[in-house]
Amino acid sequence: MVVKYLGTAAAEGMPAVFCNCELCTNTRKLGGKNVRTRSQILIDSSTLIDFPMDSYLHALRYGIDLSAVSDVFITHAHMDHCYPQDFIMRGAPYAHDMTLSKVNVYGNEAVMEKFKNHTADEIKPAAEKSIGLNVLSPYDSILTANGMKVTALPACHTIGENCLLYAMKKNAKTTLIMNDTGILDESVYRKMKDMGMKFDLVSFDCTYGGRGHGKGRHMGLPDNIGERDKMMKFGLVGEKTKYIVTHFSHNNGLLHDDIASLAESYGMTAAYDGMEVEI
């Protein structure tokens with residue numbers, strides 16, 4: 001299983017769209033791994049986690065055939081994770097000779113409602129027929145056409161919305177994608193244990209960088225460490241499990257080398273745009 005981090009920023013990007021703070025100013029000067037687009041992950045070239053407004057940029061930058069993506073799993077309805085407008089272009093007269101005639105999109109009720117409302121005015125029949133919209137609730141599991149088992153898990157994020165995390169398993173390799181979530185209740189980890197889950201890779205929300213966020217809707221490294229401890233307690237990870245931190249806000253004040261060094265001191269790896277991890 002190859003996990004590719006296409007984008008690693010929070011909603012505002014890094015540098016942030018309209019910001020001239022010290023970090024954003026330095027990011028524009030230094031470039032490189034400091035520049036972060038909105039969060040998106042590609043697994044095995046066929047499965048996307050989230051579809052932000054930067055998806056087209058990611059396709060251009062990394063040579064991705066978006067028409068070859070068979071499954072898109074969206075965590076929640078915020079625009080930096082769910083930007084359905086681009087799907088209007090998935091079919092005639094905008095797209096020809098697509099690799100796959102259909103893509104399946106998965107998410108909660110709010111995601112499905114956003115897809116319908118934000119495409120209704122412009123979508124053509126050909127594009128509409130090419131998109132399968134599938135509602136997932138916490139603890140639902142599905143098997144994709146390419147043999148990946150995906151289980152939706154409850155995130156701690158937007159009040160009133162069933163925000164989701166995703167556990168992905170293929171060829172005996174497993175990864176847990178924790179985009180946009182705060183600290184989970186232990187009952188979630190207990191349920192994962194009951195479902196027989198054990199992860200080779202865990203990808204944490206690290207919006208706050210080196211600062212803890214506590215009982216909020218995001219995390220920082222201190223929170224990530226606490227969640228890792230819970231996973232160890234419930235036997236969900238092993239000695240060889242890889243821990244990646246991503247989804248960084250410019251408000252954490254850290255350039256890439258700073259967050260990378262800090263994460264490494266805790267046995268974790270700070271993601272950057274374009275980073276690939278194979279498990």
Side-chain angles (χ1 to χ4, degrees), residues 3 5-14 16-17 36-43 47-55 58 72-84 105-115 135-140 150-168 175-185 188-189 192 199 201-209 211-224 226-228 230-231 243-252 259 263 268 270-273:
V3 180
Y5 287 80
L6 307 180
T8 57
E12 73 276 19
M14 192 181 293
V17 182
R36 301 181 184 277
T37 55
R38 281 77 164 207
S39 290
Q40 187 176 37
I41 294 172
L42 179 66
I43 299 179
T47 304
L48 283 173
I49 308 296
D50 287 329
F51 201 92
M53 65 284 283
D54 292 333
S55 298
H58 296 159
V72 180
F73 292 88
I74 295 179
T75 54
H76 63 296
H78 286 165
M79 67 174 185
D80 58 318
H81 296 265
C82 179
Y83 187 77
V105 178
Y106 300 87
N108 62 32
E109 299 89 344
V111 167
M112 296 301 111
E113 193 66 23
K114 188 168 186 177
F115 256 81
V135 176
L136 289 179
S137 298
Y139 304 114
D140 286 349
V150 182
T151 302
L153 299 162
C156 178
H157 192 52
T158 305
I159 295 173
E161 180 182 350
N162 286 322
C163 300
L164 300 173
L165 315 174
Y166 291 107
M168 332 283 286
T175 184
L176 176 62
I177 306 297
M178 300 179 72
N179 281 355
D180 268 38
T181 186
I183 292 171
L184 302 182
D185 189 84
V188 179
Y189 293 117
M192 290 186 201
F199 302 107
L201 183 148
V202 178
S203 183
F204 286 114
D205 175 299
C206 194
T207 302
Y208 285 82
R211 303 195 306 271
H213 192 43
K215 291 289 185 180
R217 63 195 192 102
H218 287 290
M219 289 189 281
L221 267 170
D223 308 306
N224 300 154
E227 296 304 271
R228 180 176 63 182
K230 290 180 192 175
M231 293 179 190
Y243 302 96
I244 314 295
V245 293
T246 187
H247 196 277
F248 303 108
S249 169
H250 78 291
N251 288 314
N252 69 39
I259 187 64
M268 299 185 179
Y272 54 86
D273 286 20

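Small disclaimer: the values here were computed from a predicted structure and weren't measured.
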Fill in: Working for side-chain contact (heavy atoms from CB on, under 4.5 Å), residues V105 and F51
CA-CA 10 Å; V105 178; F51 201 92; over 6 Å; no

With distance as the sole test, does [X] use its side chain to make a donor-acceptor pair with the main-chain N or O of [Y] at under 3.5 Å?
X    : Y    : answer
Y208 : N251 : no
E12  : V17  : no
K230 : Y189 : no
D205 : G182 : no
N108 : V111 : yes

Over all heavy atoms of both residues, which pair between [X] and [Y] is shortest? Give the atoms and the distance, please.
X    : Y    : value
V202 : M178 : CG1-SD, 4.0 Å
S137 : E109 : OG-OE2, 4.3 Å
P52  : D80  : CB-O, 2.9 Å
E161 : A77  : OE2-N, 2.9 Å
T246 : S203 : CG2-OG, 3.7 Å
A9   : M14  : CB-N, 4.0 Å

Determine whether [X] and [Y] make a side-chain contact, defined as any pair of heavy atoms from C-beta on separated by less than 4.5 Å.
X    : Y    : answer
V3   : M168 : no
C206 : F248 : yes
P154 : Y139 : yes
K114 : M79  : yes
T37  : L6   : no
L136 : V150 : no

Atom pair [atom1]/[atom2] of [X] and [Y] - distance to nearest 0.5 Å:
X    : Y    : atom1 : atom2 : result
T47  : L42  : OG1   : CG    : 7.5 Å
I49  : I43  : CD1   : CD1   : 4.5 Å
H78  : S39  : NE2   : OG    : 13.5 Å
L164 : H157 : CG    : NE2   : 11.5 Å
T175 : I41  : OG1   : CD1   : 7.5 Å

Discussion item. Pair D140, Y106 - check side-chain contact (heavy atoms from CB on, under 4.5 Å), show working.
Written reply: CA-CA 11 Å; D140 286 349; Y106 300 87; over 6 Å; no

Item to complete: Indicate the ring-plane relationship of H81 and H76, choosing parallel, tilted or perpendicular according to the 30° and 60° boundaries.
Response: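 Correct class here is tilted.
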
Item to complete: Before giving the answer on side chain to side chain donor-acceptor pair (under 3.5 Å), spell out for H213 and T207 the whole-Å C-alpha distance, their side-chain angles and the decisive distance to 0.1 Å.
Response: CA-CA 9 Å; H213 192 43; T207 302; over 6 Å; no

Discussion item. For a side-chain contact (heavy atoms from CB on, under 4.5 Å) check, start with the C-alpha distance between D50 and N179, then their side-chain angles and the critical distance, and finish with the verdict.
Written reply: CA-CA 9 Å; D50 287 329; N179 281 355; 3.2 Å; yes

Practice prompt. Identify the residue among T181, D180, T8 that makes a side-chain hydrogen bond (donor to acceptor under 3.5 Å, both in side chains) with H247.
Written response: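 The side-chain hydrogen bond (donor to acceptor under 3.5 Å, both in side chains) with H247 is passed solely by D180 among T181, D180, T8.
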
Fill in: Partner set under salt bridge (Lys or Arg N to Asp or Glu O under 4.0 Å) for R38, not counting sequence neighbours
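Checked R38 against salt bridge (Lys or Arg N to Asp or Glu O under 4.0 Å); matches are D54.
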
Practice prompt. Given side-chain contact (heavy atoms from CB on, under 4.5 Å), test F73 with I177 step by step and report yes or no.
Written response: CA-CA 11 Å; F73 292 88; I177 306 297; over 6 Å; no

Worksheet item: Out of N224, L221, L176, D223, which one pairs with F204 under the side chain to side chain contact (heavy atoms under 4.5 Å, CB included) rule?
Response: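 That would be N224; it is the only one of N224, L221, L176, D223 passing the side chain to side chain contact (heavy atoms under 4.5 Å, CB included) with F204.
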
